[in-house]
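Reviewing the structure listed below.
None of these values were measured; they are calculated from a predicted model. Residue indices begin at 1 and follow the sequence shown.
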Amino acid sequence: MTETPAKAESHSGNAISDFGIDTTSQSTGEAIRDYFAKLRGGELGSLPALLGLAVLVIIFSTLSENFLTLNNTSNLIAQGAGQIIIAMGLVFVLLLGEIDLSAGTASGVCASVMAMHYVEAGNLLGGMGTTVFWVFELGMLLAAFLAFVMRIWAGAVFALIAFAMALLGVEPNAWLEMLLAVCVGAAIGCISGFMVSKIGMPSFVVTLALFITWQGVILQFIGQGGVLGIRTSQVLFNVANGNLSVLGSWVLCLIAGGGYAIVVLGEHFSRLRKGLVTKPTPIVVGRVAVVGAIAVIATVLFTLNRSPNPDLVTIQGVPYVVPIILGLLVIGTFALNRTRYGRHIYAVGGNAEAARRAGINVSKIRASVFVVSSAAAAIGAIVYSSKAGSVDPQAGGLNTLLFAVGAAVIGGTSLFGGRGKVAHAVIGGLVLATVNNGLGLLDQPAAVVNIITGLVLLLAATVDALSRRRAAVASR
């Protein structure tokens with residue numbers, strides 16, 4: 001029987017009412033009230049970290065006249081960049097409610113292999129010794145095999161590239177050294193991911209054991225008291241110590257600010273045309289304007305000569321680590337927000353059993369985040385090794401991991417899984433870098449730095465727990 005137009009219109013109206021959340025727009029006032037309602041309901045996001053960062057900047061700029069200088073600001077970013085990048089990878093693991101305690105020392109292994117390949121002119125066999133070299137090669141093959149078993153094709157390819165580069169003894173080249181480091185990191189992630197997802201071992205136990213294991217591997221590679229210098233490679237040294245040209249800085253500003261505006265405004269007006277729910281246009285335009293203003297102001301400041309001796313040396317331009325962090329931020333955010341893989345991560349982190357019943361390969365997702373974490377740790381290793389100009393047996397040790405985990409949590413990523421963004425790692429990393437940098441300018445001893453950093457992390461974990469409890473109460 002054919003429906004009458006009246007019935008069809010009625011059914012259409014019922015459908016719209018059933019899915020009103022997809023078609024109902026909000027006014028600016030309603031959106032603001034909704035935001036504050038979410039805050040009261042425990043959905044704080046990165047707001048506490050942003051407020052904390054603002055307070056820290058005010059305090060340290062008041063106590064030290066050198067804190068807000070351009071030279072110190074660029075140093076602050078470069079000093080914290082390695083840990084921020086490692087934290088970005090850890091966000092993927094934390095979203096599943098897992099933990100990767102081996103990320104720090106895994107980054108040290110990647111750094112030591114990279115530096116050894118450079119120092120030994122590509123001859124890892126001579127640098128490691130015959131037995132250690134073939135154990136390393138077997139480890140790469142094992143990682144590739146495990147990745148094939150788990151159907152993590154990218155991990156398998158990276159592990160095989162590392163195997164081939166070591167076996168063929170390719171000539172040293174800064175770009176190839178960095179590729180080798182990332183490949184070794186991905187291979188490490190395949191091993192830890194297999195143990196957690198396929199064998200079923202708790203991630204805390206697996207990565208704690210590997211944390212200790214990789215410490216021994218670093219010591220084996222470099223030797224007690226040894227140092228592998230990479231300062232003679234201009235490319236490797238400039239990763240954390242170099243700057244874009246003035247023209248390059250403005251090109252970055254245009255790409256970053258303009259790209260953000262195109263993506264955000266394009267999506268907004270596309271949703272408006274389709275009648276889908278979206279934030280009010282004034283709020284979206286205001287957000288784009290704020291980001292653009294920050295990009296322009298930062299570029300103007302960084303293109304000034306910030307040298308302590310401006311008459312003798314010129315230092316200007318946006319530090320290289322800024323586009324590196326921005327690039328990883330864009331890639332990570334896109335992966336989590338715009339891909340099926342990202343949606344699966346949030347689904348597994350929210351409820352693994354429900355995700356499994358929905359047809360998601362939970363085991364594969366669980367293993368893959370460790371590959372992402374270790375690969376990001378390798379990139380972080382490249383940055384912090386570049387900053388130091390060398391790699392020693394302490395690479396990736398000490399507080400590297402603790403600060404990386406702390407950065408993700410302080411920024412707003414939940415330790416309980418299901419909630420977090422890559423941007424949280426950047427915000428939290430800036431908080432920790434500000435604490436360390438500011439206390440250093442005030443000549444505070446390491447004991448005070450550790451105490452305050454620990455208290456900041458404890459406060460962040462407390463806020464996370466309380467906000468979750470508040471959200472649980474609000475949802476009842």
Side-chain angles (χ1 to χ4, degrees), residues 45-46 81 84-96 100 103 152-155 157-158 178-179 182 185-186 189 193 251-271 274 276-279 284 287-288 290-292 294-295 318 320-350 355 360-361 364-380 382-383 404 407-408 411-414 417-430:
S46 58
I84 288 174
I85 294 171
I86 296 174
M88 287 181 173
L90 285 170
V91 167
F92 285 75
V93 177
L94 293 174
L95 282 172
L96 299 189
D100 186 2
I152 302 177
W153 312 124
V157 170
F158 280 133
M178 290 187 277
L179 173 62
V182 175
V251 170
L252 174 66
C253 175
L254 179 63
I255 293 174
Y260 179 81
I262 291 172
V263 171
V264 172
L265 292 177
E267 180 184 14
H268 172 71
F269 288 111
S270 175
R271 293 181 68 86
K274 295 175 182 177
L276 299 176
V277 67
T278 183
K279 294 183 182 298
V284 175
R287 180 187 297 174
V288 170
V290 169
V291 171
I294 292 174
V318 175
Y320 283 131
V321 293
V322 172
I324 292 173
I325 292 175
L326 287 178
L328 293 174
L329 176 61
V330 170
I331 293 172
T333 301
F334 178 83
L336 288 177
N337 295 347
R338 301 300 183 89
T339 67
R340 183 172 62 177
Y341 173 67
R343 291 192 292 271
H344 287 181
I345 288 178
Y346 282 112
V348 175
I360 296 175
N361 189 337
K364 181 179 178 180
I365 294 296
R366 182 169 282 128
S368 68
V369 296
F370 287 92
V371 178
V372 173
S373 175
S374 294
I379 300 174
I382 295 169
V383 173
T413 299
S414 175
R419 189 174 66 188
K421 301 177 181 178
V422 177
H424 291 166
V426 179
I427 297 171
L430 289 176

Which is it for Phe334 and Val422 under the side-chain contact (heavy atoms from CB on, under 4.5 Å) test, yes or no, and what are the steps along the way? CA-CA 10 Å; Phe334 178 83; Val422 177; over 6 Å; no

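In terms of heavy-atom proximity, Leu90 sits nearest to Ala404 at CD1-CB, 3.7 Å. Listed here is the closest heavy atom pair of Val93 and Val369: CG2-O, 3.5 Å. The shortest non-hydrogen separation linking Ala425 to Val91 is CB-CG2, 3.9 Å. Contact detail for Ala186 and Val371: the closest heavy-atom pair is O-CG1, 3.9 Å. Nearest heavy atoms, Gly193 versus Ala367: O-CB, 3.7 Å. Closest heavy-atom contact between Ala81 and Ile325: CB-CD1, 3.9 Å.
Of the inter-residue distances, the one linking Arg419 atom CZ with Leu95 atom CG reads 11.0 Å to the nearest 0.5 angstrom. Atom OH of residue Tyr260 and atom CG of residue Leu265 lie 9.0 Å apart, to the nearest 0.5 angstrom. Between the CZ atom of Phe92 and the CG atom of Leu336 there is a distance of 4.0 Å, given to the nearest 0.5 Å. The line from CZ of Arg338 to CD of Glu267 is 4.0 Å long, rounded to the nearest 0.5 Å. Taken to the nearest 0.5 Å, the NE2 atom of His344 stands 12.5 Å off from the CG atom of Leu96. In this structure, Met88 CE and His424 NE2 are separated by 12.0 Å, a value rounded to the nearest 0.5 Å.
Remark: side-chain polar atoms of Ser374 are paired, donor with acceptor, to backbone N or O of Phe370 under 3.5 angstrom. Here the side chain of Ser368 pairs a donor or acceptor atom with the backbone of Ile365 at under 3.5 angstrom.
Side-chain contact between Tyr320 and Val383 is absent, with no heavy-atom pair separated by less than 4.5 Å.
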